[in-house]
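For this chain, numbers begin at 1 and follow the sequence in order. All heavy atoms count here, side chains included; hydrogens, waters and symmetry mates do not.
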Amino acid sequence: EATIAAFWTHAFAGRSLAAVVTDMDKKYEPALDAVVQERFPALPIGAPRPVLHQYCTVHAQRYFSRECREAERSARKQEGRKRSYDAERALLRLCFCLDRPEAVALVRERLPADHGPWVDRLLARIAVNEITPRQASREVFDFLCRGRQAYARRVVKVLESYRAKWEDLTHFYDHPDVPRTSNAAEGLFSRTNPERVKRRFRTAAGV
């Protein structure tokens, strides 16, 4: 956490700081708190953080998908266990694209047919401003969680983690200037610091 905070403090020096987009690693939260404390020393304890923390939605989907695959592998060896999480993967993807009609159309094709009318009603409510896309995303997530009694424990743990992080997973809906993924930054690092270069920075304490 201290290394991340030091890097951020250096990188953000002299720049406005509105939001930070990261993957799901738990070290980022305390690191961001340290940066905010230094940047805003007069901020009262317990006051809302003036810097948004947006978790990368692609990382969230990949992690959930990985746990679903592991659960599917285990289910093949155990009778009575849920064997496919295709619909659940699609529902989580839907949570993060409700402001993109083309993406919603692609996700809908992956959902069971009986989910179609429900998705249509949700989109209609967004269209007439009955709910915002961010509120709709929470409804989709809650719908996804309703089936958790049938899910493997490892899948439920991911969903519980995302429920606690939900606000920080969906800031991009209300703040269009905040990226929903860290893809741009990671792409830059992968081009300028490929793995063979990053190995040079590795120490006993990590990179």
Side-chain angles (χ1 to χ4, degrees), residues 21-29 53-127 130-174 178-184 186-187 190 195:
V21 186
T22 73
D23 63 27
M24 307 297 291
D25 195 302
K26 61 183 179 182
K27 295 184 180 69
Y28 289 119
E29 194 75 18
H53 185 186
Q54 170 67 48
Y55 285 111
C56 174
T57 59
V58 169
H59 280 89
Q61 291 174 69
R62 284 177 181 168
Y63 181 46
F64 181 70
S65 184
R66 186 185 74 187
E67 294 304 293
C68 287
R69 285 196 302 272
E70 290 300 320
E72 288 166 344
R73 289 192 189 101
S74 298
R76 295 190 193 107
K77 305 173 185 177
Q78 301 177 35
E79 292 296 327
R81 297 292 296 275
K82 183 175 176 61
R83 292 177 178 270
S84 173
Y85 289 85
D86 290 343
E88 287 72 22
R89 292 188 187 93
L91 284 170
L92 186 65
R93 194 173 296 117
L94 182 63
C95 287
F96 302 133
C97 69
L98 286 164
D99 56 342
R100 296 179 170 179
E102 301 86 355
V104 171
L106 291 174
V107 171
R108 182 174 171 170
E109 293 177 3
R110 296 173 176 267
L111 288 169
D114 59 358
H115 284 49
W118 170 71
V119 174
D120 289 339
R121 288 194 297 271
L122 200 64
L123 295 176
R125 292 170 64 199
I126 295 173
E130 181 181 333
I131 56 174
T132 66
R134 192 176 192 182
Q135 290 169 332
S137 77
R138 185 58 189 251
E139 288 195 22
V140 176
F141 182 73
D142 289 341
F143 179 76
L144 168 60
C145 290
R146 273 182 222 155
R148 63 184 179 275
Q149 293 83 1
Y151 302 161
R153 178 59 188 161
R154 65 190 312 142
V155 175
V156 173
K157 285 182 68 175
V158 177
L159 292 177
E160 289 173 348
S161 169
Y162 289 1
R163 184 183 294 278
K165 295 181 174 75
W166 196 252
E167 286 300 305
D168 288 343
L169 275 164
T170 55
H171 285 307
F172 66 89
Y173 278 123
D174 291 344
V178 175
R180 71 190 71 204
T181 77
S182 58
N183 291 359
E186 295 210 8
S190 67
E195 193 61 37

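- Here the closest heavy-atom approach between residue Cys68 and residue Arg89 is recorded as CB-NH2, 3.6 Å.
- Of the inter-residue distances, the one linking Arg148 atom CZ with Arg153 atom CZ reads 10.5 Å to the nearest 0.5 angstrom.
- Counting only residues at least two apart or on different chains, the salt bridge (Lys or Arg N to Asp or Glu O under 4.0 Å) pairs with a member in residues 104-116 are Arg108-Asp120.
- The OG atom of Ser84 sits 5.0 Å away from the CD atom of Glu72 when rounded to the nearest 0.5 Å.
- Within the 4.5 Å cutoff, the side chain of Val140 has no heavy atoms near those of the Phe96 side chain.
- Taking CZ of Arg125 as the reference point, atom OG1 of Thr132 lies at 10.0 Å (rounded to 0.5 Å).
- Listed here is the closest heavy atom pair of Tyr151 and Leu144: OH-O, 2.8 Å.
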Checklist entry - How far apart are the C-alpha atoms of Leu169 and Arg138, what are their side-chain angles, what is the distance that settles it, and do they pass the side chain to side chain contact (heavy atoms under 4.5 Å, CB included) test? => result CA-CA 10 Å; Leu169 275 164; Arg138 185 58 189 251; over 6 Å; no

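- Arg83 approaches Ala75 most closely through the heavy-atom pair NH1-O, 3.4 Å.
- The stretch residues 59-69 participates, sequence neighbours left out, in these salt bridge (Lys or Arg N to Asp or Glu O under 4.0 Å) pairs: Glu67-Arg154.
- Between the CD1 atom in Ile131 and the CG atom in Leu122 there is a gap of 4.5 Å [rounded to 0.5 Å].
- Counting only distance, with no hydrogens or angles, the side chain of Tyr173 and the backbone of Cys97 share a donor-acceptor pair below 3.5 Å.
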Item to check | Intermediate values then yes/no, side chain to side chain contact (heavy atoms under 4.5 Å, CB included), Glu29 and Asp168 | outcome: CA-CA 11 Å; Glu29 194 75 18; Asp168 288 343; 4.2 Å; yes

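- When side chains are defined from C-beta on, Asp142 does not count as touching Glu139, because their heavy atoms never get closer than 4.5 Å.
- Taking the six-membered ring for Trp and the full ring otherwise, the centers of Tyr85 and Phe64 sit at least 6.0 Å from each other.
- Closest non-hydrogen pair, Tyr55 versus Asp23, comes out as CD2-O, 3.2 Å.
- With 3.5 Å as the limit, one finds no donor-acceptor pair spanning the side chains of Asp174 and His171.
- No donor-acceptor pair under 3.5 Å is formed between the side chain of Ser65 and the backbone N or O of Gln61.
- A pairwise comparison of heavy atoms in His115 and Leu91 identifies CD2-CD2, 4.3 Å as the closest pair.
- Between the CZ atom in Phe141 and the CH2 atom in Trp166 there is a gap of 5.5 Å [rounded to 0.5 Å].
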Next on the checklist: Applying side chain to side chain contact (heavy atoms under 4.5 Å, CB included) to Val156 and Glu160, what does each step give before you reach the verdict?
Outcome noted: CA-CA 6 Å; Val156 173; Glu160 289 173 348; 3.5 Å; yes

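- Across every non-hydrogen atom of Leu98 and Pro133, the tightest pair is CD1-O, 3.8 Å.
- When the options Thr22, Val58, Val21 are evaluated for a side chain to side chain contact (heavy atoms under 4.5 Å, CB included) with Ser182, the one that passes is Val21.
- Put simply, the side chain of Thr57 gets close to the backbone of Arg180: a donor and an acceptor are under 3.5 Å apart.
- For the atom pair Thr170 OG1 and Asp99 CG, the distance stands at 11.0 Å (nearest 0.5 Å).
- Listed by chain and number, the residues in a salt bridge (charged side-chain N to carboxylate O under 4.0 Å, His left out) with Glu167 are Arg134 (sequence neighbours excluded).
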